[in-house]
Protein chains: 2
Amino acid sequence: MRSNAAFLPVSEDELRAIESFRVGTRTVAPGEALIVEHVRSPQLFTLYAGWAFRFKTLSDGRRQILNFLLPGDFIGLQDEFAEGQTHGVEAASEATFCVFERDRLWDLFHAQPKLGYDITWLAARGEKMLDDNLVTAGRRNAGERVAMLLMHLYRRAERLGMVRDGWVDFPFNQQHIADALGLSLVHTNKTLRRLQAMGLHKLEAGWLRILEPHVLESLGDYFERPLRRVPLI
Amino acid sequence: MRSNAAFLPVSEDELRAIESFRVGTRTVAPGEALIVEHVRSPQLFTLYAGWAFRFKTLSDGRRQILNFLLPGDFIGLQDEFAEGQTHGVEAASEATFCVFERDRLWDLFHAQPKLGYDITWLAARGEKMLDDNLVTAGRRNAGERVAMLLMHLYRRAERLGMVRDGWVDFPFNQQHIADALGLSLVHTNKTLRRLQAMGLHKLEAGWLRILEPHVLESLGDYFERPLRRVPLI
DNA sequence: CGGGAGATTGAATCTGGTCAAATGCCGTGG
DNA sequence: CCACGGCATTTGACCAGATTCAATCTCCCG
């Protein structure tokens, strides 16, 4: 995975530090929880393969997906200090994670400040993506929301080399999309259908294809900046 | 400010490192920009006094306030890597900031890993607050949104000792609230009015008073966890 | 006293939500 | 091979929470 051009190289020392920080791996089946909501996890994770997502639910069951997780994403910092009020994380496809002990995070910072810096960088990147999602949920209409989400996910997957012949694995159902965008299931369906009828994208059997990237980008007023190489913990 | 019980103490060494990292202070008038949207700032900031907020706008002018900034908040990490696609930051009251050189951030991590850890902690905390805002914009209705926001801001201000006789300085107008919640100005006004008529809060002449905290908390399904002491950079 | 910004209100309209039912797709069991 | 059950997707009809439009009203300030 480190050979992927999307990630920054690390030194021998750093790699050793990461290895000793890691305590194992874990594989989660689609629909299963990696982190149960409201239960603080004593571990941190890096997604290695597959798709997952972070979410929160209100007490009456309304769910909001906070963001989608792709390989390389570092998970769990957010509840570093949140007692009980944590997010949940669930696998959308089969997903494997690298597992770290939260308690040893400080040791890692101490031993390898560069890795600490990388983790901060990842946290800042996560915050940036949340910013975009918040603009979407707060100020975009249904069509714009869907367009933004499709392009966002497509660009990220593309950067990781997950696109084959124009198609990306897309293991989400319409309920996931609705919960990510703050729309109802029915309205999400109608909007998706409308954009597809306009020939902007195709979504079938768990695969996504973008047909008119520029149209979707301007519809969603969302232009993914050139994606830099990202540190991998 | 460091004597404020909301903040964690720092060692002599750390304090020296912070001092040398700092390059000055800056004061911004209400309504003025600290960071202009789309312009990457070569500096990082810590808000010292006053209220500010972070926001993004769509190309047709629709604005989304991403979060509100109170003393102690660390600003600017988010665009560590975002070329051109940055947020804006504007002062709501007169606000003073501590200024740091972004380029020297790595030096700080290197010299004082503990401070690097603190910065990561602050970033994670920021992400957590964004999570809550995203749930609000995506899944709460108007009444719930307003209730959540009022309690959120009140609790944070309270923690910083900014409440006097039950009143907090509240330098935001209804447009700010609307933009933070993803509502229209008119609907925000009506909702605010309705909650006030129910006797839940009072908002006048730039001051906020919470009359029924428990009612607002359950209405918004939002219960601020006990706020820990926070590192201050 | 006139001007301007923010707050309020009422009315009309519309986007998106809710309800209900149909359709399509699989995997299982007879 | 086919019927049945469960889940996701679609669709149509209707409803309502929010937006938009258009005035007013209230202060505050020069």
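Computation of the quantities below employed the complete heavy-atom set of this structure, encompassing side-chain atoms and omitting hydrogens, waters and symmetry-equivalent molecules.
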### Task
Name every residue in residues 194-207 of chain A that has at least one heavy atom under 4.0 Å from any atom of DNA chain C, in order of residue number, or write none if there are no such residues.
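Within residues 194-207 of chain A, no residue comes under 4.0 Å of DNA chain C.
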### Task
Could you identify which residues of residues 165-186 of chain B place a heavy atom less than 4.0 Å from some atom of DNA chain C, listed by residue number, or say none?
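The answer is B/Asn173, B/Gln174, B/Val186.
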Would the distance check show the side chain of [X] and the main-chain N or O of [Y] forming a donor-acceptor pair, the cut-off being under 3.5 Å?
X	Y	answer
A/Arg22	A/Ile233	no
A/Thr86	A/His38	yes
A/Arg209	A/Leu203	no

#### Entry: Pair B/Phe172 + B/Phe68: ring centers closer than 6.0 Å
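B/Phe172 vs B/Phe68: aromatic centres under 6.0 Å.
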### Message
Tell me if the centroids of the rings in A/Phe55 and A/His87 come within less than 6.0 Å of each other.
### Response
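When the ring centroids of A/Phe55 and A/His87 are compared, they turn out to be at least 6.0 Å apart.
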### Message
Going 5' to 3' along DNA chain D, which are the first and last nucleotides with any atom under 4.0 Å from a heavy atom of chain A?
### Response
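Contact span on the strand: D/dA8 to D/dA13.
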### Task
Could you tell me whether the side chains of A/His176 and A/Asp179 share a donor-acceptor contact shorter than 3.5 Å?
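No - no donor-acceptor pair under 3.5 Å links their side chains.
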### Query
Shortest non-hydrogen contact from A/Met1 to A/Tyr48?
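Heavy atoms of A/Met1 and A/Tyr48 come nearest at SD-O, 3.5 Å.
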Atom-pair distance ([atom1] on [X]; [atom2] on [N]), nearest Å:
X	N	atom1	atom2	value
A/Arg145	C/dT15	CZ	P	14 Å
B/Asn189	C/dG10	CG	P	11 Å
B/Arg193	C/dG10	CZ	P	11 Å

#### Entry: salt_bridge(B/Arg54, B/Glu37) N-O dist < 4.0 Å
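Looking at B/Arg54 and B/Glu37, the cut-off is not met.
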### Salt-bridge criterion met for B/Glu32 and B/Arg26 (N-O under 4.0 Å)
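Not counted as a salt bridge, because no side-chain N and carboxylate O are separated by less than 4.0 Å.
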### Task
Please test A/Arg140 against A/Asp221 for salt bridge (charged side-chain N to carboxylate O under 4.0 Å, His left out), starting from the C-alpha separation and ending with a verdict.
CA-CA 9 Å; A/Arg140 279 186 246 253; A/Asp221 195 7; 5.2 Å; no
